[in-house]
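Fair warning: this is a prediction, and the values are worked out from it, not measured in the lab. Just so you know, ligand 1 is whichever comes first in the structure, and atom 1 is the first atom listed for that ligand. We're numbering straight along the sequence, starting at 1. Values below: all heavy atoms of this structure, side chains included; hydrogens, waters and symmetry mates excluded.
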Amino acid sequence: MNNTDISALNAQFGIAGQVTFVEGQGGLNAIEINNAECSANIVIQGAHLTHWAPSGQKPVIWLSPTADIAPNKAIRGGIPICWPWFGPHPSKADFPSHGIARTGHWEVIATTALADKTQVSLRLIKNLEENDLWPHPTILECHFTLGRALEIDLVTHNTGGDAIHIGQALHTYFNISDIHNVSVNGLENCYYLDKVDASKRKQQQGPVKISAETDRVYTDTDADCLISDPGFQRQMRIEKRGSQSTVVWNPWAEKSAAMADMGKSAYSNMLCVESANAADDERTIQAGDVHHLWVRYSVESMIP
Ligand code: BG6
């Protein structure tokens, strides 16, 4: 189905009072979700979630105040889907960073109202140009379950006759009160590749605290992460499956100021903790096989 027709989308997939299709910022179609437990927004281009807040909570997901939401552009903030490679393409320097999914065309394939949550499923439609960048028969689907918790199941189905090799991440920007005061638990003693220090391999001592530009791939970890934010009096829990790598990224002041879609002080209100298949955790999917990258985000009160 052609996803450009808002009234057709509402007729086929709208759910009264719960799922509404709108023409959003930059003329891009978006899905507004409201139920008893949360509010959320997904831009159909990129299957890009730009907002999720459990009822009574500040948004859990950060969107840059200067995000450029426009056709074929990557959105700064929300949950970009990096696929089928993470970061720069391994061999083609001119291929887009983080792959083709985050700026790609997606179609809605299902919406469902459950008792206290809403499910929305989308599928990537590859255009000819994207086929040049990823010439493999593959189906990529993203299933969102939105309620008091947010679950995302990113499913790669190798429908071809040969094995495929992918890197990927749910590049989630968390909304925090102040980067100087948050910490991330769950990665203690893990080894990481420090991308701001020539990708040297280092070992994490204690919780992760950020006080400078940080760009790390934590390896061999499927642990839950817990972002503790005393300023917002809450902890955000990240559970995951199908992922043995976690990326932690904050560009810090200078790089943030240099990014038009970020701005001078924006870095202090965001932290990316990305559930990934990156570095030695990239995956080979055999012909006919399916790989699930699954996450669940939830908010807990701070233990005083
Ligand atoms: C992170 C990478 O995941 O994404 C960083 O580890 C990168 O190296 C960052 O700078 C942002 O990437 P982009 O392409 O959205 O600017």
Side-chain angles (χ1 to χ4, degrees), residues 26 43 45-50 61-90 92-104 130 133 152 154 166-176 179 184 187 190-202 204 208 210 212-219 221 225 227 238 240 243-264 266-282 293 295 297:
V43 175
Q45 173 182 287
H48 195 125
L49 184 140
T50 55
I61 305 298
W62 180 87
L63 179 66
S64 172
T66 55
D68 187 9
I69 301 181
N72 308 314
K73 289 212 164 176
I75 298 171
R76 181 69 60 201
I79 309 184
I81 295 175
C82 306
W83 181 96
W85 57 87
F86 175 77
H89 186 277
K92 312 271 188 191
D94 56 330
F95 279 21
S97 164
H98 290 319
I100 58 172
R102 66 175 174 167
T103 51
E130 286 157 352
L133 301 175
I152 305 175
L154 184 65
I166 63 162
Q168 59 180 343
L170 291 161
H171 190 310
T172 305
Y173 288 73
F174 288 93
N175 180 35
I176 55 172
I179 189 71
V184 183
L187 298 168
C190 284
Y191 286 94
Y192 63 90
L193 306 174
D194 189 349
K195 287 166 78 177
V196 297
D197 188 13
S199 289
K200 283 187 191 145
R201 189 168 180 266
K202 301 180 180 175
Q204 180 65 37
V208 181
I210 315 280
E213 182 189 352
T214 301
D215 191 357
R216 300 175 180 174
V217 183
Y218 287 85
T219 57
T221 175
C225 284
I227 304 174
I238 303 161
K240 62 174 188 167
S243 159
Q244 287 288 132
S245 46
T246 296
V247 177
V248 177
W249 180 65
N250 181 289
W252 211 250
E254 205 180 327
K255 280 211 171 149
S256 181
M259 286 188 253
D261 61 359
M262 193 120 181
K264 199 161 175 269
Y267 76 96
S268 63
N269 297 119
M270 54 70 61
L271 177 62
C272 289
V273 178
E274 309 166 34
S275 300
N277 295 125
D280 61 4
D281 185 35
E282 289 178 356
L293 172 60
V295 296
Y297 304 139

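- Judged by distance alone, with hydrogens and angles left aside, the side-chain atoms of Asn250 form a donor-acceptor pair with the main-chain N or O of Met270 at under 3.5 Å.
- Ring planes of His98 and His171: perpendicular class, angle over 60° (limits at 30 and 60°).
- If you run side-chain contact (heavy atoms from CB on, under 4.5 Å) between Ile79 and each of Leu63, Ile152, Val295, only Ile152 comes through.
- Ser268 places no side-chain N or O within 3.5 Å of a backbone atom of Ile179 that could act as its donor or acceptor partner.
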Check ligand 1 against the protein and report each N/O to N/O distance under 3.5 Å, formatted as atom name, atom name, distance.
{"from": "ligand 1", "atom 1": "3 (O)", "to": "His171", "atom 2": "NE2", "distance (Å)": "3.1"}
{"from": "ligand 1", "atom 1": "3 (O)", "to": "Glu274", "atom 2": "OE1", "distance (Å)": "2.9"}
{"from": "ligand 1", "atom 1": "3 (O)", "to": "Glu274", "atom 2": "OE2", "distance (Å)": "3.0"}
{"from": "ligand 1", "atom 1": "4 (O)", "to": "His98", "atom 2": "NE2", "distance (Å)": "3.1"}
{"from": "ligand 1", "atom 1": "4 (O)", "to": "His171", "atom 2": "NE2", "distance (Å)": "2.7"}
{"from": "ligand 1", "atom 1": "6 (O)", "to": "Lys195", "atom 2": "NZ", "distance (Å)": "3.1"}
{"from": "ligand 1", "atom 1": "6 (O)", "to": "Asp215", "atom 2": "OD1", "distance (Å)": "2.6"}
{"from": "ligand 1", "atom 1": "8 (O)", "to": "Asp215", "atom 2": "OD2", "distance (Å)": "2.5"}
{"from": "ligand 1", "atom 1": "12 (O)", "to": "His98", "atom 2": "NE2", "distance (Å)": "3.3"}
{"from": "ligand 1", "atom 1": "14 (O)", "to": "Ser97", "atom 2": "OG", "distance (Å)": "3.1"}
{"from": "ligand 1", "atom 1": "14 (O)", "to": "Arg102", "atom 2": "NH2", "distance (Å)": "2.9"}
{"from": "ligand 1", "atom 1": "15 (O)", "to": "Arg76", "atom 2": "NH1", "distance (Å)": "3.2"}
{"from": "ligand 1", "atom 1": "15 (O)", "to": "Arg102", "atom 2": "NH1", "distance (Å)": "2.8"}
{"from": "ligand 1", "atom 1": "16 (O)", "to": "Arg76", "atom 2": "NH1", "distance (Å)": "3.3"}
{"from": "ligand 1", "atom 1": "16 (O)", "to": "Arg76", "atom 2": "NH2", "distance (Å)": "3.1"}

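- Within the structure, salt bridge (Lys or Arg N to Asp or Glu O under 4.0 Å) pairs that include any residue of residues 244-261 comprise Arg76-Asp261, Glu213-Lys255 (at least two apart or interchain).
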Next on the checklist: Set out, in order, the CA-CA distance, both residues' side-chain angles and the distance that settles side chain to side chain contact (heavy atoms under 4.5 Å, CB included) for Ile210 and Val248, then state yes or no.
Outcome noted: CA-CA 10 Å; Ile210 315 280; Val248 177; 4.0 Å; yes
